[in-house]
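Ligands are counted one by one from 1 in listed order, and the atoms in each one are counted from 1 as well.
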Amino acid sequence: MRKNVSLLVTVLVLLSVALTACAPATTAPSGGQQPAATTAPAQGGETQPAAGGKLEMFSWWTAGGEADGLNAMYEIYKKEHPGVEIVNATVAGGAGTNAKAVLSTRLTGGDPPDSFQLHAGLEVEKYEPEKYLQALNDLYASEGWDKAFPADLITLLKYKDSFWGVPVNIHRSNVLWYNKQVLADNNIEPPKTWDEFFAAAETLKGKGIVPLVIGTKEGWEAGHTFETVLAGVLGADAYNGLWTGATQWTDPKVTEALETLKKVMSYANTDYSALTWSDAAQYLVDGKGAMHIMGDWTDGWFTSKGYKDYGWAPVPGTQGTFVALSDSFAAAKGAKNQENLENWLKVAGSKAGQEAFNPKKGSICARTDCDPALFNEYLKSAMQDWSKDAIVPSVAHGAAAIEKWATVYKDILTTFATNGDVAAAQTSLQQACVDAGVCK
Ligand code: GAL
């Protein structure tokens with residue numbers, strides 16, 4: 001990978017060192033904490049069919065594209081281990097809004113699923129990994145994953161010197177999706193700057209088309225949109241500084257980013273607080289809306305709908321910047337089906353598993369050896385951008401900040417989307433950084 005990823009890695013290393021120093025003490029769960037007896041992991045990816053039993057896999061992937069990708073991996077698992085019953089435990093809600101709370105309760109209550117979805121980066125701190133998760137270092141060694149994943153992603157995945165999840169993909173958050181026909185009919189080129197965006201928005205509004213569709217129902221989407229605005233207005237370096245304390249949230253550029261989001265919201269659908277991200281994307285499919293800022297799981301969702309007339313561009317101002325996140329699968333301590341769980345992680349980390357999952361999910365492989373020919377035009381372009389852009393971490397999806405901070409950040413932005421109070425939002429954002437121990 002490129003050296004600009006080291007920006008992302010620096011953010012994470014600094015924050016994880018800070019967290020190591022101030023990890024809170026907690027009570028041990030009542031359930032069993034020792035991994036069940038296992039068969040030795042097969043060397044070099046060779047796996048014997050498991051005898052039977054169950055595999056409980058926990059995620060929030062219920063939408064089109066997400067569920068399809070997961071099922072594609074399950075199919076591979078079922079072929080290799082036909083005797084195992086897969087329990088697909090899902091709690092719907094984009095970005096894990098509902099799932100993460102349920103998961104915490106299950107982990108601390110001693111009733112963990114075998115494996116669960118976990119964003120690469122600082123999100124793992126929320127689950128107190130040394131207490132509730134299995135370190136996967138041996139599996140990384142036996143499966144050769146330290147060589148299969150890019151070196152800097154490996155660093156990103158390490159927390160307190162161990163691996164806690166197997167990455168299955170890389171997603172991009174800063175994508176502007178658009179309905180090609182709607183833009184063409186109105187002689188509009190995909191906007192590269194916010195000025196171009198607002199000029200296009202005026203034209204579209206005059207024609208009765210919603211310029212920008214958004215849903216903020218689940219409480220993370222405004223924060224998602226804002227991280228992409230921030231990355232463009234501040235640039236990669238200053239954006240990274242927001243998560244290390246090198247950039248204060250009182251910075252005039254943060255004011256400018258808030259003013260920009262406020263103006264963007266004045267061109268949004270008025271029913272935004274009642275819609276999810278996929279409800280909002282439906283506006284594009286129906287030709288009622290022109291543009292939508294969302295992660296590239298939207299590519300998987302459009303594909304699952306059979307919708308093809310969409311285009312994509314970096315969010316205005318973010319050309320050359322890739323706001324990144326990665327989904328991984330973790331292993332719970334006290335998992336009831338240890339052998340089945342290990343076999344699942346092997347599928348998730350394998351070339352075959354990732355090539356089956358990612359074209360449907362709308363993400364690119366975490367592995368470096370996937371065949372690009374299996375991916376659509378959008379995903380091929382994402383692969384290219386990933387290899388040359390400045391990579392910065394997403395806060396809305398677990399990479400940039402610990403969960404407590406990320407949650408406050410998202411709440412501030414959800415309120416701001418409706419009340420547009422720039423000064424109040426900026427003060428609260430700075431305070432959240434102070435409370436996280438990162439700003440002074
Ligand atoms: C992200 C997750 C993606 C996708 C999205 C919408 O947090 O990493 O895989 O599921 O939420 O739910």
Side-chain angles (χ1 to χ4, degrees), residues 57-73 88-103 115-124 126-127 153 156-157 165-175 177 214-228 275-282 292-305 322-330 348 353-354 356-366 378-379 382 386 393-403 406-407 409-410 413:
M57 169 52 212
F58 182 96
S59 79
W60 60 83
W61 287 335
T62 56
E66 304 180 332
D68 299 335
L70 191 54
N71 279 330
M73 261 193 298
N88 183 35
T90 52
V91 177
T97 328
N98 309 315
K100 289 178 190 173
V102 174
L103 179 62
S115 183
F116 60 87
Q117 189 183 345
L118 170 73
H119 285 126
L122 288 170
E123 184 173 294
V124 71
K126 172 183 169 69
Y127 301 118
L153 180 58
L156 170 65
L157 287 155
V166 180
V168 71
N169 68 1
I170 291 159
H171 266 307
R172 181 177 197 172
S173 91
N174 60 319
V175 187
W177 305 98
I214 182 170
T216 64
K217 184 180 177 183
E218 291 173 337
W220 58 276
E221 306 90 332
H224 176 115
T225 306
F226 188 57
E227 75 181 17
T228 73
L275 305 186
T276 64
W277 69 271
S278 53
D279 295 336
Q282 185 68 39
H292 182 40
I293 292 173
M294 189 38 65
D296 48 11
W297 41 91
T298 306
D299 174 77
W301 187 82
F302 283 152
T303 304
S304 79
K305 295 273 151 194
F322 191 118
V323 186
L325 58 131
S326 166
D327 293 301
S328 77
F329 295 126
Q354 300 208 356
F357 173 76
N358 286 297
K360 290 188 158 60
K361 179 67 168 74
S363 42
I364 60 177
C365 290
Y378 165 71
L379 290 168
W386 169 254
S394 160
V395 60
H397 307 280
I402 56 164
E403 189 71 3
T407 301
Y409 161 92
K410 287 182 268 190
L413 268 301

Using a strict cut-off of 4.0 Å, indicate which atoms of ligand 1 neighbour a heavy atom of [X].
{"X": "His119", "answer": "1 (C), 2 (C), 7 (O), 8 (O)"}
{"X": "Lys361", "answer": "3 (C), 4 (C), 9 (O), 10 (O)"}
{"X": "Ala95", "answer": "1 (C), 6 (C), 7 (O), 11 (O), 12 (O)"}
{"X": "Gly94", "answer": "12 (O)"}
{"X": "His171", "answer": "3 (C), 9 (O)"}

Looking only at distances, can you tell me whether any N or O atom of Trp60, backbone or side chain, sits closer than 3.5 Å to an N or O atom of ligand 1?
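Checking ligand 1 against Trp60, an N or O pair does fall under 3.5 Å apart.
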
Taking the ring centre of each residue, are Trp277 and His292 less than 6.0 Å apart?
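No, the ring of Trp277 stays outside the 6.0 Å limit from the ring of His292, centre to centre.
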
Would you check if the distance from the ring center of His397 to the ring center of Trp60 is below 6.0 Å?
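For His397 and Trp60, the ring centres are not under 6.0 Å apart.
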
Would you mind writing out the side-chain donor-acceptor pairs for residues 88-98 within the sub-3.5 Å range, not counting sequence neighbours?
unit_1: Asn88; atom_1: OD1; unit_2: Tyr74; atom_2: OH; d: 2.7
unit_1: Thr97; atom_1: OG1; unit_2: Gly94; atom_2: O; d: 2.4
unit_1: Asn98; atom_1: ND2; unit_2: Ala92; atom_2: O; d: 2.8

Tell me every residue that passes side chain to side chain donor-acceptor pair (under 3.5 Å) with Glu66, counting only those two or more places apart in sequence or in another chain.
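With neighbours one apart ignored, the set is empty.
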
Stepwise side chain to side chain contact (heavy atoms under 4.5 Å, CB included) test for Phe226 and Tyr409
CA-CA 10 Å; Phe226 188 57; Tyr409 161 92; 3.7 Å; yes

Which protein heavy atom lies closest to atom 4 (C) of ligand 1, and at what distance to 0.1 Å?
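I find the closest protein heavy atom is Glu66 OE2, 3.2 Å.
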
In the protein, what heavy atom is nearest to atom 7 (O) of ligand 1, and what distance, to one decimal place, separates them?
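Heavy-atom neighbour on the protein nearest atom 7 (O) of ligand 1: His397 ND1, 2.7 Å.
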
Distance check, rounded to the nearest 0.5 Å: Asn71 atom CG versus Lys360 atom NZ?
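One finds 9.5 Å between CG of Asn71 and NZ of Lys360.
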
Could you give the distance from OG1 (Thr407) to NZ (Lys100), rounded to the nearest 0.5 Å?
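If I round to the nearest 0.5 Å, the distance is 7.0 Å.
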
Backbone, side chain, both or neither: what part of Leu325 comes under 4.0 angstrom of ligand 1, heavy atoms only?
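Side chain only.
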
